Asks: 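Below is a structure I'd like to ask you about.
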Amino acid sequence: MSRSSANKKARRERFQPLKRAVKVPVWADIGIRTSAALFLVFIVIMVHWWDRGGLVDAVDGEVSFLDVIYFTMISITTTGFGDIAPVSDRARLVEALIVTPIRVLVFVIFVGTAYNFVIKRSWEKFRMQRIQEQLDDHIVVLGYGISGSEAVGELIERGIDPHCIVVVDGSEARLEEAERLGCNVLVGDATRDETLKAVRIQRAQAVLVSAGRDDTSILIVLTVRHLAPKLHISVVVRADDNELLARQAGANNVINPVRFTGLLLAGSAKGAHIAEYLADLASVSGRVQLVEREITADECGKAIYELTTGGRGLRVYRDGKALGFWEDECQSLRKGDVVVEIIPTTDGEELGDAPGVEINPPMPSEIED
């Protein structure tokens with residue numbers, strides 16, 4: 001075997017497939033099923049011992065407790081050697097009305113166990129591996145707490161296919177909700193390389209990090225940046241002094257929910273509708289929506305207020321520099337510029353937020369110094 005083939009085999013052996021969350025651990029599920037089967041067998045043994053007078057042993061004519069256990073097992077398994085048989089009407093009625101239904105239940109338990117732990121789990125593992133192999137340009141959400149779950153819900157509302165979202169969390173209970181939404185889930189530690197490799201982190205389009213603790217989130221950012229140097233990373237931190245650390249770790253966007261809440265509170269002190277409008281902008285379910293995109297070829301050379309979408313351009317990012325709509329550089333868009341604009345949602349179009357005839361901001365020459 002060549003060295004490259006050996007390396008590929010080693011990578012496959014270390015590969016951690018996606019897996020769905022399970023409500024009951026495997027050992028507990030097996031224990032419950034086994035206990036139920038043994039309890040049913042015990043009931044049959046007690047019924048046969050109680051009705052042993054209706055049984056006949058063809059060998060010695062005496063039915064002992066050991067004979068009852070033996071007869072129960074061959075009855076449950078439908079082996080039926082014929083050396084012990086029910087002869088009285090009551091014994092036959094007991095076999096027909098009590099033992100036979102219990103025999104069916106035991107059979108169902110064993111078949112269900114085989115299906116769940118062999119057929120179903122093997123098929124589920126194969127299916128998840130197929131999904132994993134096809135992951136490309138997907139969104140990875142690391143941490144499914146309050147912020148992570150809200151982010152996933154907003155992504156789905158924005159039209160992202162849930163099958164293009166992979167959620168990683170250490171809690172199986174949390175992942176049940178993400179699984180119900182249709183997302184791919186993986187129970188694992190997002191700070192570990194093998195976990196991130198399992199979700200094809202190198203082929204993702206974006207990563208959202210919300211681990212609940214700033215130190216854990218920053219460690220995750222470092223790990224992700226190490227594996228995917230060009231990947232877009234957004235992270236949630238709650239302490240102001242950790243924002244710089246998160247950026248130094250490699251995060252493209254650092255979101256501080258505490259600071260954003262303060263902005264909303266401060267805005268509400270200056271006006272009754274500022275906080276409402278800011279929240280409206282942040283959500284796709286509002287009347288207006290903030291959109292960031294690269295300008296099209298048709299928009300090159302045009303001013304920021306001449307966007308083909310009809311939206312209101314607010315800012316242009318060019319060569320790492322942010323340009324306001326009032327600045328001269330925004331009056332001639334260039335290839336590669338990224339524009340942030342406000343566009344109306346469906347509700348906004350119906351309620352009058354869609355751009356009308358006079359939507360354009362004044363030209364820079366019209367703005368007074």
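Excluded from the calculations below are hydrogen atoms, water molecules and symmetry mates; all remaining heavy atoms, backbone and side chain alike, are included. Counting begins at 1 with the first residue of the sequence. Quick caveat, the model's predicted, so the values are computed rather than measured.
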Asks: If I take atom OH from residue Y317 and atom CG from residue L323, how far apart are they, to the nearest 0.5 angstrom?
Replies: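 These two atoms lie 9.5 Å from each other.
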
Asks: With a 4.0 Å cut-off, would you call E327 and K321 a salt bridge?
Replies: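 No, this pair does not count.
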
Asks: Is R247 salt-bridged to E243, cutoff N-O under 4.0 Å?
Replies: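 Here R247 does not pair with E243 in a salt bridge, since their nearest N and O are not under 4.0 Å apart.
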
Asks: Are D169 and S171 close enough that a side-chain donor and a side-chain acceptor fall under 3.5 Å?
Replies: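 Judged by distance alone, the side chains do not pair up.
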
Asks: Other residues, nucleotides and ligands only: do more than 12 of their heavy atoms fall within 6.0 Å of CG on L93?
Replies: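 Buried by this count: over 12 neighbours within 6.0 Å.
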
Asks: Hey, are the side chains of L155 and L208 touching, using non-hydrogen atoms and a 4.5 Å cut-off?
Replies: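 SC-SC contact between L155 and L208 confirmed.
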
Asks: Under 3.5 Å, is there a donor-acceptor pair between the side chain of T195 and the main chain of D189?
Replies: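 Yes.
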
Asks: To the nearest 0.5 angstrom, please state how far the CG atom of N242 sits from the CD1 atom of I218.
Replies: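 The CG atom of N242 sits 4.5 Å away from the CD1 atom of I218.
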
Asks: For a 4.5 angstrom cut-off between non-hydrogen side-chain atoms, does D136 reach R200?
Replies: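 They are not in side-chain contact.
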
Asks: Among the clusters formed by ILVMFWY side chains lying less than 4.5 Å apart, do L142 and I146 turn up in the same one?
Replies: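 The answer is no; the residues belong to distinct hydrophobic clusters.
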
Asks: Are side-chain heavy atoms of H232 and N253 found at a separation under 4.5 Å?
Replies: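 Sidechains of N253 and H232: in contact.
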
Asks: Is it true that, when you exclude R334 itself, more than 12 heavy atoms of the residues, nucleotides or ligands shown sit nearer than 6.0 Å to its CZ?
Replies: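 Not buried by this count: 12 neighbours or fewer within 6.0 Å.
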
Asks: Between Y70 and L66, is any pair of side-chain heavy atoms under 4.5 Å apart?
Replies: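 Not in contact.
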
Asks: Are any non-hydrogen side-chain atoms of Y277 and V288 less than 4.5 angstrom apart?
Replies: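 In short, these two side chains touch, coming nearer than 4.5 Å.
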
Asks: Can you see whether S217 engages D214 through a side-chain donor-acceptor pair at a distance of less than 3.5 angstrom?
Replies: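 No, D214 and S217 have no side-chain donor paired with an acceptor closer than 3.5 Å.
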
Asks: Measuring from T296:OG1 to L333:CG, what's the distance to the nearest 0.5 Å?
Replies: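 The OG1 atom of T296 sits 9.0 Å away from the CG atom of L333.
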
Asks: R213: what forms a salt bridge (charged side-chain N to carboxylate O under 4.0 Å, His left out) with it, not counting sequence neighbours?
Replies: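 Salt bridge (charged side-chain N to carboxylate O under 4.0 Å, His left out) list for R213, sorted by chain: D215.
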
Asks: Quick check against the 3.5 Å criterion: does H226 have a side-chain atom that pairs as donor or acceptor with the backbone of D193?
Replies: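 Flag not set: sc H226 to bb D193 has no pair under 3.5 Å.
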
Asks: Which pair of heavy atoms, one from L307 and one from I304, lies closest together, and at what distance?
Replies: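 Looks like CG-O, 3.2 Å.
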
Asks: Do any N or O atoms from the side chain of N184 and from the backbone of H163 form a donor-acceptor pair under 3.5 angstrom?
Replies: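 Pair found, side chain donor or acceptor close to backbone of H163.
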
Asks: Is there side-chain contact between W50 and V94, with heavy atoms separated by less than 4.5 Å?
Replies: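 Yes, side chains in contact.
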
Asks: For R225 and G250, indicate whether the former's side chain and the latter's backbone hold a donor-acceptor pair under 3.5 Å.
Replies: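 Yes, R225 side chain to G250 backbone: donor-acceptor pair under 3.5 Å.
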
Asks: Is there side-chain contact between V41 and M73, with at least one heavy-atom pair below 4.5 Å?
Replies: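 Yes. Closest side-chain heavy atoms under 4.5 Å.
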
Asks: Applying side chain to side chain contact (heavy atoms under 4.5 Å, CB included), run through V338 and V316 and close with a yes or a no.
Replies: CA-CA 6 Å; V338 175; V316 171; over 6 Å; no

Asks: Does Y144 share a hydrophobic cluster with V185, counting links as ILVMFWY side-chain heavy atoms below 4.5 Å and allowing steps through other members?
Replies: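 As far as the 4.5 Å side-chain criterion goes, V185 and Y144 are connected within one cluster.
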
Asks: Would a distance-only check, ignoring hydrogens and angles, find a side-chain to backbone donor-acceptor pair under 3.5 Å from Q205 to D137?
Replies: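 The answer is yes, because a donor-acceptor pair under 3.5 Å joins these two groups.
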
Asks: Step by step, would you call E172 with E176 a side chain to side chain contact (heavy atoms under 4.5 Å, CB included)?
Replies: CA-CA 7 Å; E172 294 182 351; E176 292 180 8; 5.7 Å; no

Asks: Check this for me: D319, atom CG, are more than 12 non-hydrogen atoms of other residues, nucleotides or ligands nearer than 6.0 Å?
Replies: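 Open.
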
Asks: Search all heavy atoms of A204 against all heavy atoms of L231 and return the closest pair with its distance.
Replies: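 Looks like O-CD1, 3.0 Å.
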
Asks: Is the CD atom of E150 crowded by more than 12 outside heavy atoms at less than 6.0 Å?
Replies: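 Count not over threshold, so no.
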
Asks: CZ of R238: more than 12 outside heavy atoms within 6.0 angstrom?
Replies: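 Yes, because the 6.0 Å sphere around CZ of R238 holds more than 12 heavy atoms from other groups.
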
Asks: Test your reading of the model: is there a side-chain donor-acceptor pair from E299 to the backbone of T308, 3.5 Å cut-off?
Replies: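 Checking the backbone N and O of T308 against the side chain of E299, a donor-acceptor pair under 3.5 Å is found.
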
Asks: If Ile, Leu, Val, Met, Phe, Trp and Tyr residues are connected whenever their side-chain heavy atoms lie under 4.5 Å apart, and connections chain through other members, are V140 and V254 in the same group?
Replies: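 Cluster IDs for V140 and V254 match.
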
Asks: Ring-plane angle category for H48 and F71, please: parallel below 30°, perpendicular beyond 60°, tilted otherwise.
Replies: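 H48 and F71: tilted rings.
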
Asks: How long is the span from the CD1 atom in I201 to the CD1 atom in I233, to the nearest 0.5 Å?
Replies: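 So the gap between those two atoms works out to 7.5 Å.
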
Asks: Hey, any chance V209 and L245 share a hydrophobic cluster, counting ILVMFWY side chains that come within less than 4.5 Å of each other, even indirectly?
Replies: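 No: no chain of side-chain contacts under 4.5 Å links V209 to L245.
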
Asks: Using every non-hydrogen atom in the two residues, find where I295 and C300 come nearest and quote the distance to one decimal.
Replies: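 In this case the closest contact between I295 and C300 is CD1-SG, 4.0 Å.
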
Asks: If you look at every heavy atom in A251 and V221, which pair is closest and at what distance?
Replies: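 In terms of heavy atoms, the two residues are closest at N-CG1, 3.6 Å.
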
Asks: Please give me the minimum heavy-atom distance between G324 and C330, naming the atom from each residue.
Replies: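 Residues G324 and C330, closest heavy atoms: O-SG, 3.0 Å.
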
Asks: Report the distance from atom CD1 of I43 to atom CG of L38, rounding to the nearest 0.5 Å.
Replies: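 I43 atom CD1 to L38 atom CG measures 11.5 Å (nearest 0.5 Å).
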
Asks: Would you mind reporting whether V106 and V44 have side-chain heavy atoms less than 4.5 Å apart?
Replies: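 Counting from C-beta outward, V44 and V106 never come under 4.5 Å.
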
Asks: Count the heavy atoms belonging to other residues, nucleotides or ligands that lie under 6.0 Å from CZ of R293, then report whether that count exceeds 12.
Replies: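 Atom CZ in R293 is packed in, count exceeds 12.
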
Asks: Determine whether L227 and L222 fall in the same hydrophobic cluster, where Ile, Leu, Val, Met, Phe, Trp and Tyr are linked whenever their side-chain heavy atoms lie under 4.5 Å apart.
Replies: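 No, no single cluster joins them.
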
Asks: Quick one: pull up CD in E306 and CG in D298 and give me the separation to the nearest 0.5 Å.
Replies: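 Taking CD in E306 and CG in D298, the distance rounds to 12.5 Å.
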
Asks: With no hydrogens and no angle check, just 3.5 Å: does a side-chain donor-acceptor pair link S149 and E177?
Replies: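 No, E177 and S149 have no side-chain donor paired with an acceptor closer than 3.5 Å.
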
Asks: Which heavy atom of Q331 sits nearest to which heavy atom of Y305, and what is that distance?
Replies: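 Answer, listing the atom of Q331 first, then Y305: OE1-CE2, 3.4 Å.
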
